[in-house]
Amino acid sequence: MRRLPGEITVFLSLILVCVLSLLMGLLESARTTGARWYLQMASNSAITSVMSQYNRNLWDMYRLLFLEYESEQAITDSFQEYLNFYLEQENYYNARMESVQLSRIVKAGDNQGSALEQEILDYVKYRLPDIAGNLAGIAAEAAEAKKAGDFRTLLDACKRTGERTKALERARADLEKSLEQMREEKSAVLRAADAQDSGRFQRYAKRLLKEVENYPRLVANYEQEIAKFSENSRKDEETKKPEDEQAYALYQQEQSASREVLASAEENQKYYRSLEPDMDANARLLSDALNLAEAAEEAEENEDEGSEGQEADWDEVLELAEEIRLPEKEMYQEPDSEKEAALDRLEQFFQKDLLDYLVPADREISNKQMETDGMPSKFLSAQNEDRQSEDIQDNDGGNWNGSGERSGEHGLSVPEQLLVNEYIFLFFDSFLIKANQKNLPDDRELSYEQEYILCGEKTDRENLKGAAEQLLAVRGALNLLHLLGSQEKRAQAEAFAAAVSAGYAPVQLILSFFILTLWALGEAVLDVRELFAGGKVNFWKNAEDWKTSLESLFSLEFLALETGKNQEGSDYTDYLRVLLCLKDTGVRNGRILDVIQCNVRKKQADFSILSCASEVEVEVELYQKHLFFIKDEYCISMNAFKAY
């Protein structure tokens with residue numbers, strides 16, 4: 001047999017070692033890559049298993065997917081339990097867990113409830129067939145809500161300025177009446193002194209002295225009203241202005257008249273203050289005259305002095321009385337007292353609780369009450385305040401849109417926000433409508449849940465009252481728009497204002513706006529009563545729809561008009577949609593969470609919506625050994641993320 005050379009064997013052996021090293025390296029590389037994919041799959045599966053433990057009651061009742069957890073540690077413990085199942089399998093991907101950290105969690109109350117909004121949107125898209133009719137005019141509804149908001153700003157400004165102007169004019173009228181009373185009493189004092197009638201003189205002199213001594217108090221009261229007027233006018237200047245061109249122009253006109261009234265009042269105040277030294281002198285003169293009159297009366301009774309001495313005393317009394325200095329009457333027009341009283345009566349009517357005038361007599365108002373302390377809305381409110389203060393301290397902290405939210409914080413468009421609002425009408429009760437949903441408890445905390453989301457009060461009555469006030473404001477704003485467009489009705493209001501404004505043009509302008517505001521609110525009372533009775537009211541009124549005359553308004557006879565039969569226009573739910581469009585989204589979301597938490601607690605007493613998460617991200621560190629390399633363990637970091 002022929003023998004092969006030994007060097008070839010050595011060469012082939014060396015080649016075999018290299019080939020085997022290459023093959024083992026390739027296998028280890030493939031195994032390492034496979035291990036990373038396997039562990040990533042295991043981590044994803046584990047976090048998915050964790051998130052599968054969503055709260056069933058929350059899903060059954062409100063179709064919301066949120067993971068309820070006791071603590072963040074409980075989430076990581078659950079994740080480890082599911083991940084260990086994969087790590088314990090016998091395969092080529094053996095690893096040991098080093099650490100697990102919860103790197104990110106998004107809770108229902110975070111970011112002003114943006115997670116709640118997203119969950120609602122994910123559900124509402126499956127209910128589009130049910131709400132398609134409501135979505136038909138969604139863009140127009142948003143525009144109407146914005147315009148209503150602008151004229152509501154105008155309505156509130158006109159009402160506030162009118163009330164302040166009336167209070168200011170009332171204080172000035174008190175001063176003028178006091179001066180007029182002084183002039184009348186002085187004439188009576190002079191006649192009594194000339195007639196040497198001691199009894200009449202003392203009676204009229206004491207009345208005059210009382211008016212003179214009361215004068216500084218009236219001046220101080222007038223100054224207080226001026227200060228209030230000035231402070232409130234300054235606040236109005238700082239508040240948000242209407243964006244609608246027509247509303248803004250009228251707002252500017254009203255504010256200009258307000259500034260003129262303030263300037264005139266400040267001039268009047270200087271004049272009235274300048275009379276105080278004369279009033280002090282008048283008080284001394286009257287005191288001296290009263291002392292002389294009393295002495296003369298006593299002397300006459302005791303017959304201690306003769307007739308000649310008594311005449312000398314009365315001459316001195318008359319001389320003192322004639323020295324009393326009072327200003328001439330100002331050239332103010334006397335207001336129509338009957339119309340002035342009617343305006344005061346109407347103003348007082350709108351300061352009452354109007355709920356009993358609005359709710360049909362055959363409808364009983366719920367007395368249910370909910371404890372709001374510790375509710376999610378309080379947490380969201382505190383969260384918002386903290387973020388606002390952080391923004392003030394940080395010049396580069398982003399922009400605010402004026403409604404308590406950062407610009408672009410939620411990132412939802414107007415149609416999306418309106419879709420979120422539609423969820424409210426699907427799952428929550430109102431004064432007129434019951435939600436047609438299964439698995440909702442019959443003994444819910446509140447009966448008027450939609451009104452609570454709108455107003456946030458503790459009781460059903462207060463929430464219904466708040467909703468009624470907001471409806472009055474919106475309907476009043478839209479009614480004001482109609483009045484401002486009617487030359488006939490504006491002329492009636494201006495004529496009435498002229499009769500009660502004492503002839504001062506800026507006051508007349510403000511009072512004419514004020515009367516139009518009260519007229520709009522009077523019509524709004526009938527509108528809201530119509531809505532509460534199940535009827536409908538056109539969003540934009542025309543002359544044929546208008547019910548209230550100025551005469552019936554001031555006589556309060558408009559309250560006897562029949563309502564509840566109109567079936568053309570928008571109903572109560574439609575108007576709630578408009579009001580929710582004007583609501584701050586963070587406040588709305590917090591109150592939705594309040595109602596959900598209270599109702600879920602009917603089935604699960606320890607439920608907390610703030611302990612529910614919609615997104616969870618976990619960071620896990622794992623250690624492995626190479627299968628074909630003799631090396632130390634190496635670390636693999638994995639991120640596992642899951643959102644509903």
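Numbers here are sequence positions counted from 1.
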Rounded to the nearest 0.5 Å, what's the gap from OG on S512 to CD on E254? Could you check? 9.5 Å
Name of the residue among E347, E340, E225 meeting salt bridge (Lys or Arg N to Asp or Glu O under 4.0 Å) with K166: E347
State whether the side chain of S501 and the backbone N or O of A497 hold a donor-acceptor pair below 3.5 Å, judged by distance alone. yes
Between N538 (side chain only) and K541 (backbone N and O only), is there a donor and an acceptor less than 3.5 Å apart? no
Is Y222 reaching over with its side chain to a backbone N or O of A173, donor-acceptor style, under 3.5 angstrom? no
Tell me which one of R363, R529, K465, R461 satisfies salt bridge (Lys or Arg N to Asp or Glu O under 4.0 Å) with D356. R461
Any donor-acceptor pair under 3.5 Å linking the side chain of N214 with the backbone of K210? no
For the CZ atom on R325, are there more than 12 heavy atoms of other groups (residues, nucleotides or ligands in this structure) within a distance under 6.0 Å? no
Taking the inter-plane angle between the rings of W546 and H482 on a 0 to 90° scale, is it parallel (under 30°), tilted (30 to 60°) or perpendicular (over 60°)? parallel
Taking atom CD as the centre, does E338 end up with more than 12 heavy-atom neighbours from other residues, nucleotides or ligands that are less than 6.0 angstrom away? no
F558 vs K547, test: side-chain contact (heavy atoms from CB on, under 4.5 Å). Steps then yes/no. CA-CA 8 Å; F558 74 99; K547 299 177 182 178; over 6 Å; no
Just checking, any donor-acceptor pair under 3.5 angstrom between side chains of D594 and Y452? yes
Testing the 3.5 Å rule here: is there a donor-acceptor pair between the side chains of E449 and S430? no
Does a donor on one side chain sit under 3.5 Å from an acceptor on the other, for Q269 and E223? yes
Evaluation steps, salt bridge (charged side-chain N to carboxylate O under 4.0 Å, His left out), between D174 and R217: CA-CA 11 Å; D174 288 342; R217 185 188 66 81; over 6 Å; no
Hey, is E169 close enough to R172 for a salt bridge, meaning N to O under 4.0 Å? yes
When you compare the side chains of R207 and Q181, does any donor N or O come within less than 3.5 Å of an acceptor on the partner? no
Mark yes or no for whether R475, through its side chain, and F539, through its backbone, hold a donor-acceptor pair below 3.5 Å. yes
Looking at E488, I'd like to know if its CD atom is crowded, meaning that more than 12 non-hydrogen atoms belonging to other residues, nucleotides or ligands lie closer than 6.0 Å. no
Would you call K339 and D344 a salt bridge, using N to O less than 4.0 angstrom? no
Is a side-chain donor-acceptor pair under 3.5 Å present for E523 with T548? yes
With ring centroids as reference points, do F496 and F554 lie under 6.0 angstrom apart? yes
Would you please say whether a donor-acceptor pair under 3.5 Å links the side chains of D460 and N367? no
Kindly indicate, with the supporting measurements, whether the criterion salt bridge (charged side-chain N to carboxylate O under 4.0 Å, His left out) is fulfilled by E328 and R183. CA-CA 9 Å; E328 296 296 326; R183 286 187 284 267; over 6 Å; no
Going by the rule side chain to side chain contact (heavy atoms under 4.5 Å, CB included), which residues pair with E557 if we only count those two or more places apart in sequence or in a different chain? S552, S555
Taking atom types as modelled, is there a side-chain donor on Y423 or E117 under 3.5 Å from an acceptor on the other? no
Show, in sequence, the C-alpha distance, side-chain angles and deciding distance for L521 and L155, and conclude whether the side-chain contact (heavy atoms from CB on, under 4.5 Å) test is met. CA-CA 9 Å; L521 289 173; L155 178 87; 4.1 Å; yes
For a quick test of reading the model, state the closest non-hydrogen atom pair linking W540 to L478 and the distance between them. CZ3-CD2, 3.2 Å
Please determine whether side-chain contact (heavy atoms from CB on, under 4.5 Å) holds for the pair M182 and K186, giving the CA-CA distance in whole Å, both sets of side-chain angles, and the decisive distance to 0.1 Å. CA-CA 6 Å; M182 289 182 201; K186 179 183 176 182; over 6 Å; no
Answer yes or no: are there more than 12 heavy-atom neighbours, outside E371 itself, under 6.0 Å from its atom CD? yes
Do side-chain atoms of S230 reach the backbone of I226 as a donor and acceptor pair under 3.5 angstrom? no
Between K159 and E163 (salt bridge meaning N to carboxylate O under 4.0 Å), is one present in this structure? yes
Donor-acceptor pair between N589 and Q112 side chains, under 3.5 angstrom: no
Could you please spell out the steps behind the side-chain contact (heavy atoms from CB on, under 4.5 Å) verdict for L175 and Y215? CA-CA 7 Å; L175 275 166; Y215 182 80; 3.7 Å; yes
Donor-acceptor pair, distance only, cut-off 3.5 Å: does the side chain of R591 make one with the backbone of L454? yes
